[in-house]
Amino acid sequence: MSTEQQIREYAHLLWEKAGKPEGKDKEFWEAAEIELSTQNKEAQTQDIKLE
């Protein structure tokens with residue numbers, strides 16, 4: 001599970017890559033949560049396959 005700090009940092013990175021649009025912080029936060037959650041699930045699946 002991603003921590004709030006990880007989500008914040010990733011959302012900021014996504015926001016910067018998008019050209020720093022104003023008023024879209026919630027959208028970037030949600031996108032970061034989804035992407036990090038997906039990455040974590042994929043990593044867990046890989047760990048299970050390696051066992």
Side-chain angles (χ1 to χ4, degrees):
M1 183 168 184
S2 300
T3 66
E4 186 173 325
Q5 183 64 30
Q6 288 172 314
I7 296 167
R8 180 179 293 113
E9 290 173 4
Y10 193 59
H12 187 80
L13 177 67
L14 294 174
W15 173 74
E16 286 181 329
K17 285 183 176 183
K20 302 179 182 180
E22 292 190 32
K24 303 239 181 205
D25 44 326
K26 184 177 179 180
E27 293 171 32
F28 285 103
W29 183 274
E30 291 171 353
E33 281 183 311
I34 291 167
E35 288 187 40
L36 289 172
S37 176
T38 300
Q39 289 174 8
N40 287 339
K41 287 177 185 173
E42 289 173 357
Q44 288 174 354
T45 300
Q46 288 294 342
D47 289 345
I48 292 170
K49 288 180 181 177
L50 294 174
E51 291 179 357

**Message:** Among residues at least two apart in sequence or on other chains, which ones pass side chain to side chain contact (heavy atoms under 4.5 Å, CB included) with Q5?
**Reply:** T3, R8, E9

**Asked** If we only count heavy atoms from C-beta on, is the W15 to D25 side-chain gap below 4.5 Å?
**Response** no

**Item:** Pairing residues for E16 by the salt bridge (Lys or Arg N to Asp or Glu O under 4.0 Å) criterion, not counting sequence neighbours
**Value:** none

**Asked** Nearest heavy-atom pair of A32 and A11: which atoms, and what distance?
**Response** CB-N, 3.6 Å

**Complete:** Contacts of Q39 meeting side chain to side chain contact (heavy atoms under 4.5 Å, CB included) (sequence neighbours excluded), chain-then-number -> Y10, L36

**Spatial distance of atom CZ (F28) from atom CG (L13) [nearest 0.5 Å]** = 10.5 Å

**Message:** I want to check something: taking the side chain as every heavy atom from C-beta on, are W29 and E4 in contact at a cut-off of under 4.5 Å?
**Reply:** yes

